[in-house]
Every structure is written in C-alpha cells, then in structure tokens.
Amino acid sequence: MGSGGHAIERSNSVNELVKRAPSSKPPFTLSDIKKAIPPHCFNRSLLRSSSYLFLDLFFSFFFYYVAAMHITRLPTSISYVAWPIYWILQGSVQMGLWVIGHECGHQAFSDYPWLNDTIGYFLHTGMLAPYFSWKYSHRRHHSNTGSLENDESFVPKKKSALNSFSRLLNTPPGRLFRLVILCTVGWLLYVCFNVSGRKYEKFANHFDPQSPIYNDRERLQILLTDIGLVVAAYGLYNLALVQGFKFLVLVYFAPLVIVYGFLVVITWLHHTHRSLPHYDSTEWSWLRGALATVDRDYGVFNTVLHHITDTHVAHHLFFTIPHYHAMEATKAIKPFLGEYYQFDDTPIIKAMWREATECFFVEADEGEDKSKGVYWFNNKM
C-alpha cells in the first residue's frame, strides 16, 4: 500500500476489521471545508457562552453544598456510596468547566480576548491547571497534530525506539498498569515532566518560564500562571486548616482526579486509533495532521462535557467554533470529508483496552518505502 492507499487490517484484540483513514494529500483545502459549514457556526456569543458557564458553576456549587452540608454528616456505611457518586457528578461538571476554560484559550468563548483569558485563567487556576502554560503548549499541539517530531502531546514512539522494558508494558498486566497510570496521574506526569510529550533538548515542563516549550513573549504569562497556582494552593491550605485535610481530599481533590482522568483519556483516544496515520517531516502537513484524529461517543457525557468528545475533528480544523455550534459544524463537514472523517462509537472502556493493546508504537508498513514518512499504529514486537 502506498502512502495514499486505504488498507483493511484485522484488529488483533477484538477480531474486527479496521479501515485506515486516507493518508494522501487531501483533494480539498481548509477553505473548501469552511465553505461547507454554515457561517453562523463561527459566531461567538458572549451571552450564550456565559449561560453554559453559569449553569456549570451552579451545579458545581450545588454539589459542593450537598457534600459539605450533608454527605459529611452521613453514617459511614452510607457515605461509602455517597462520596463516589459525588466525585463522579462533581468531576463531570468540573470537566465541563475545564472545557469552557479550554475554549477560552482558543478564543472561542467570546469576541473579547482579554475576557476569554481572564475567565479561562480563573477557571483553570481554580482546578490547579496552568492556564497560560497549557494554552500555549496546546496551541502548538494544534499547529503540529500528527507530527512525529513536533506534536506536543501523546506522541507515539517508533518501533525502533522501544527498549526491552517495553515488552513488559505490552503484556496484559503492563497494559493495565499503563491505563491506571493514565487515568490517575497521567495529567501530572505530562505537565510536570512532559511524559508522552514532544522531546526537547533539555528538561521541559509547564511551570518553568524558561522551559523550552515557550518563547520569550510567553514567559511572563507562564510566571503569572505560577503565581495564580501558588495563591490557589495557599487558599486550599487555609481551607484544610479550617475544615481538615480529609475534607479537602473528599470534597476537592477526589473530583479533580475524575476531571484529569477524563481529560487525559479523551485526549489520548482522540489521537490513538489503528485507522489514524502519523507523519514524519517528509510527509506531514497541517491539514493532513488535523485530519488524523477521531470523534468518539461518550453517551450522556457528550452533553455534559460540551461535545469536546464527539466534535474533535471539527475542533482541530476550526478551533474558534464554540462548542454549541460544533455539532452542526460536524454534521456539515462529514459528507464533505468522506473517508477523511473518522468516527468510532466503540464503548469507551472497551476502546481504552483495545487501543492500549493495539496502539503501542508506530511503524511504516513492512515492505513499504519508509522514506514516504507515513506511520501506523501496531503492537507486534
């Protein structure tokens, strides 16, 4: 198969056929795709965006009130059930707030950049996320999606770069271990140590203003991010002094584990699928990379998470489209993109195990001219 072909492969873990997305240069331009989308989808309404923000804040504070005033007073046996329900509900709503902060970083919340950054800064800082730091690294992810050299997150390894320890991670216990790490501390490993991120010549993280991720114009805002996180941490410290550390863990930190578990899994699954190509510098282009992503179905969570889950292809093409227009935009581009549009409705838990099994590294097709620079996921060591 050449770099522009369509191969049918058999999935190793679930015995299903996988049709590869086209990897050739698309026969259309970004401007052509934009013409297929109704113009009003690009309109950002401060009033409408704010309505989603206030609704999410209402539910978040409501769940906090229930937890602080009622769950903390329940008998121990009942609280064992009540706390996990609270964590899931609060974590899901706060993930929705995180998505709104993400839209602010893309300037999709309103027509006012200063307001977008102010709202995004306070939303993400309140969840101990480095707003400006992640905004800029995430922008580079959008600028280099699908590039093996320059993408910023979930950059797959080539088979040639694997070591002997990789064989252990490519076993059922190793896959379970990887998924547990991904869902619990994956976000921290990324922002603190750049795990799974682009490789730089020196140590990179999201808190050092001198990190190689950032340029000189961005360093002051990285420092502002750090100051906000220090202030937030000090506020949480004082809350713990008043309410106790256990209260802080149950009410605040446990839902955050849900938030960042959601974030990492959603991002990983958007860019990890046997049908998706990756490119080296000889083949990569912005449009080919932007199309190398897949929409997923998270059921009811699609709505709770403002459709970041099932409109990701459109988001990578036009990231200033607000989430409340993203479904209409996706519906408009699907027939235009044809086979270049990828969607997978596999149940998420099943998809996580399948992708952990089948998408362990990337390599060019055996027998294919590897100078063509198109790589595909595989797991055959």
Side-chain angles (χ1 to χ4, degrees), residues 44-74 78-106 108-110 115-129 131 134 183-184 187 228-229 232 235-236 239-240 242-243 246-267 296-312 315 321-327 348:
R44 297 163 292 188
S45 166
L46 175 58
L47 181 61
R48 189 168 180 183
S49 295
S50 297
S51 69
Y52 288 99
L53 170 63
F54 291 135
L55 185 63
D56 281 354
L57 286 173
F58 169 79
F59 279 111
S60 182
F61 283 112
F62 172 75
F63 291 140
Y64 169 78
Y65 172 81
V66 171
M69 301 302 296
H70 298 287
I71 298 180
T72 54
R73 300 175 183 177
L74 291 175
I78 300 177
S79 69
Y80 286 150
V81 176
W83 279 119
I85 293 175
Y86 164 74
W87 297 336
I88 293 171
L89 292 175
Q90 181 71 287
S92 300
V93 169
Q94 289 190 350
M95 181 60 201
L97 284 168
W98 207 97
V99 171
I100 291 176
H102 158 260
E103 285 208 341
C104 289
H106 281 300
F109 185 85
S110 75
L115 180 62
N116 297 336
D117 281 337
T118 300
I119 293 173
Y121 178 78
F122 282 104
L123 283 178
H124 278 194
T125 302
M127 290 180 273
L128 299 183
Y131 173 73
W134 188 82
C183 294
T184 54
W187 164 254
L229 293 173
L236 292 171
L239 178 61
V242 175
Q243 297 288 353
K246 179 181 178 181
F247 175 90
L248 192 64
V249 169
L250 293 173
V251 172
Y252 179 80
F253 283 109
L256 277 191
V257 175
I258 302 294
V259 171
Y260 292 116
F262 260 133
L263 175 61
V264 173
V265 168
I266 289 169
T267 307
R296 303 270 189 173
D297 184 8
Y298 285 69
V300 67
F301 289 107
N302 291 333
T303 301
V304 177
L305 307 183
H306 304 308
H307 294 285
I308 195 175
T309 48
D310 55 345
T311 63
H312 197 68
H315 173 66
I321 292 179
H323 69 269
Y324 41 82
H325 292 317
M327 288 294 291
I348 296 305

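Residues H306 and H102 place their aromatic rings such that the two centres sit no closer than 6.0 Å.
Of all heavy-atom pairs between Y64 and Q90, the closest is N-NE2, 3.6 Å. Residues D117 and Y131 share a closest heavy-atom pair of OD1-OH, 2.7 Å. Here the closest heavy-atom approach between residue I78 and residue L74 is recorded as CG2-CD1, 4.0 Å. Annotation for G126 and Y252: closest pair O-OH, 2.7 Å, computed over non-hydrogen atoms. Residues S92 and V304 approach most closely at O-CG1, 3.7 Å, considering heavy atoms. The shortest heavy-atom contact between A108 and P322 is O-CB, 3.6 Å.
In this structure, CG on N116 lies 9.5 Å from CD on E103, to the nearest 0.5 angstrom. For the atom pair NE2 of H307 and OG1 of T303, the computed distance is 4.0 Å after rounding to the nearest 0.5 Å. Summarising the geometry, atom CG belonging to L263 is positioned 5.5 Å from atom CH2 belonging to W187; distances are rounded to the nearest 0.5 Å. Distance check: H315 NE2 to T309 OG1 gives 12.0 Å after rounding to the nearest 0.5 Å. I88 CD1 to F63 CZ: the interatomic distance, rounded to the nearest 0.5 Å, is 11.5 Å. One distance of note links OH of Y298 with CD1 of I266; it measures 5.0 Å at 0.5 Å rounding.
With hydrogens and angles disregarded, a donor-acceptor distance shorter than 3.5 Å links the side chain of S51 to the backbone of R48. Side-chain atoms of W87 come within 3.5 Å of backbone N or O of L250 as a donor-acceptor pair. In this structure a side-chain-to-backbone donor-acceptor pair under 3.5 Å is missing from S110 to L46. Looking only at distances, a side-chain donor or acceptor of N302 sits under 3.5 Å from a matching main-chain atom of G299. T125 places a side-chain N or O within 3.5 Å of a backbone atom of Y121 that can act as its donor or acceptor partner. Counting only distance, with no hydrogens or angles, the side chain of Y86 and the backbone of V251 share a donor-acceptor pair below 3.5 Å.
Ring geometry for H70 against Y65 counts as perpendicular: the plane angle is over 60°, on a 0 to 90° scale with 30° as the lower cut.
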Show the numbers, then the answer: is there a side chain to side chain contact (heavy atoms under 4.5 Å, CB included) between Q94 and L256?
-> CA-CA 8 Å; Q94 289 190 350; L256 277 191; 4.0 Å; yes
Stepwise, does the side chain to side chain contact (heavy atoms under 4.5 Å, CB included) test hold for R44 with F109?
-> CA-CA 6 Å; R44 297 163 292 188; F109 185 85; over 6 Å; no
Pair H323-L305, side chain to side chain contact (heavy atoms under 4.5 Å, CB included): steps then yes or no = CA-CA 10 Å; H323 69 269; L305 307 183; over 6 Å; no
Begin with the C-alpha distance, continue with both residues' side-chain angles, and end with the deciding distance and a verdict on side chain to side chain contact (heavy atoms under 4.5 Å, CB included) for S49 and Y324.
-> CA-CA 8 Å; S49 295; Y324 41 82; 2.9 Å; yes
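At most 12 non-hydrogen atoms from other residues, nucleotides or ligands lie less than 6.0 angstrom from CZ of F59. Counting non-hydrogen atoms of neighbouring residues, nucleotides and ligands closer than 6.0 angstrom, the CZ atom of F301 reaches no more than 12 such neighbours. Heavy-atom contacts from other residues, nucleotides or ligands closer than 6.0 Å to CZ of F62 number 12 or fewer.
Two residues are said to be in side-chain contact when any heavy atoms from C-beta on lie closer than 4.5 Å; D56 and V99 fail this criterion.
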